[in-house]
Student: 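Please see the structure below; I have some questions.
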There are 2 protein chains.
Amino acid sequence: MTTQEAGSKSERAYAAIKEKILGGEYTPGYRLVLAKLAEDLGFSVVPVREAIRRLEAESFVTFERNVGATVAGIDPTEYLYTMQTLSIVEGAATALSAPLITPEDIARARAVNAAMRECLEHFDPVRFTALNLDFHSVLFENCPNPHILDLVHRGWNRLQALRSSTFSYVPGRARESVAEHEALLNLLEAGADAETVERAARAHRAATLHAYLARSTPDQRAHTPLTPTY
Amino acid sequence: MTTQEAGSKSERAYAAIKEKILGGEYTPGYRLVLAKLAEDLGFSVVPVREAIRRLEAESFVTFERNVGATVAGIDPTEYLYTMQTLSIVEGAATALSAPLITPEDIARARAVNAAMRECLEHFDPVRFTALNLDFHSVLFENCPNPHILDLVHRGWNRLQALRSSTFSYVPGRARESVAEHEALLNLLEAGADAETVERAARAHRAATLHAYLARSTPDQRAHTPLTPTY
DNA sequence: AAGTACGAAATCGTATACGATTACCTTAGC
DNA sequence: GCTAAGGTAATCGTATACGATTTCGTACTT
């Protein structure tokens, strides 16, 4: 055998392109030309094409027949859709995880949240955002339903792609967020029932969304469909 | 131009294969060989391959590298995962649709439900199942969030594939189901708040799942992760 | 008789080539 | 100066071909 580092070329192409989208190298609207990508990555067009279609299925890119692929949009509506969907599936995942959470998990989450509080003081939004995923991962990764877990992962990925091009960090909201994390942990520690946990987890994300909407322009709000507060 | 009936060959291959899976022609475990499918459908392997990968993404088939694709499994756990996920996303979609529902929608749903009641009398499970989708479609199709709506559609599709090979119709449960539909309509008509609607829609599906679990063998239940009643 | 190693067949993975479709630019007409 | 039509270039869609990997059957060894 020759090289065969890891996975097929399709998979490596998928990972490479996704990486560049998430990293902000390919910003929304960027035209993804199959032949060009193939040359850059050193692959042929077929694996690249497959990677693109997969990214399309996860709505990282839009694809038009006989035209090509472009990195998916950034409009506020798309952000709202993603956040709303995530509030629902993540809320459910957290609730389903709750009965299986261990004291060690909670301790770990507390440590992460403490680190997030530090980020507030030293103003480190990048690290704050990374830690935020760590925190929530502890809370939902025990979810016994792999379908739901997959939807949560997709939501976070999508969010990362959207954020790198729009905004990410609202200081006032970040402070609230840390406090809500603490409240969530207290609920879990007390063995709260699934419905309470779900409501809290969902509200936590909805609050972030609302902070964003409050910052957006009136024109943006006018084009934004109903807000999902309940 | 020559023919170009509708859509690309990839899309037609996708539709054709999916049709055969949903229709029960390709039962779970069936080995999908690219070359054979290509010959049967009259296409080349590349479009077929793309179709397979797309079906894989929607978990209609499983795909193993250098081995091939097989129609996805039927185990009770998979059914539970799908139903649980659907209870969550469909519950949310129904709740988000509720404020936008019109009296005409409700009348239409009532008519469908009446037809379902007829199916109970004449024992027509096939039509009952088809009408059931019609009924719920009226309730969730107004959902303004296309992401959530897409998840609902995927869930129903997946369910159809699972059902055609496992079971579908539990007479006692069907009767309950019709009654719950009526209750749901009354809630919507009264302008119930989103949380109430969501709770009812979710419970409606969870009840079907529980009816299935009650029928399953103790051994199956033992391998089934926690039930999502809340 | 059972297990293992070898080899052939089957199947997938990718590259290359060419046809079909679309987009863009240039040019002619008003 | 602007609009419309034509043609060319760019890009996608698919077919075919060949190499890589796996699987399965067979023969040989213990």
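As the structure is a prediction and not an experimental result, all values here were calculated from the model. Just so we're on the same page: letters track the sequence lines, and every chain starts at 1.
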Student: Got a salt bridge between A/Glu39 and A/Lys36, using NZ or NE/NH1/NH2 to carboxylate O under 4.0 Å?
Tutor: no
Student: Closer than 4.0 angstrom, basic N to acidic O: yes or no for A/Arg54 and A/Glu50?
Tutor: no
Student: Quick one: pull up OH in A/Tyr14 and CD1 in A/Ile52 and give me the separation to the nearest 0.5 Å.
Tutor: 11.5 Å
Student: Is the shortest side-chain N to carboxylate O distance from A/Arg158 to A/Glu58 below 4.0 Å?
Tutor: no
Student: Polar pairs (N or O, both sides) under 3.5 Å between protein and nucleotides 10-14 of chain C?
Tutor:
| from | atom 1 | to | atom 2 | distance (Å) |
| --- | --- | --- | --- | --- |
| C/dC12 | OP1 | B/Leu34 | N | 3.4 |
| C/dC12 | OP2 | B/Leu34 | N | 3.3 |
| C/dC12 | O3' | B/Asn66 | N | 3.2 |
| C/dG13 | OP2 | B/Arg49 | NH1 | 2.3 |
| C/dG13 | OP2 | B/Arg49 | NH2 | 3.3 |
| C/dT14 | OP1 | A/Lys9 | N | 2.5 |
| C/dT14 | OP2 | A/Ser10 | OG | 3.2 |

Student: Whether B/Arg202 and B/Glu198 form a salt bridge (side-chain N of Lys/Arg under 4.0 Å from carboxylate O of Asp/Glu) is what I want to check.
Tutor: yes
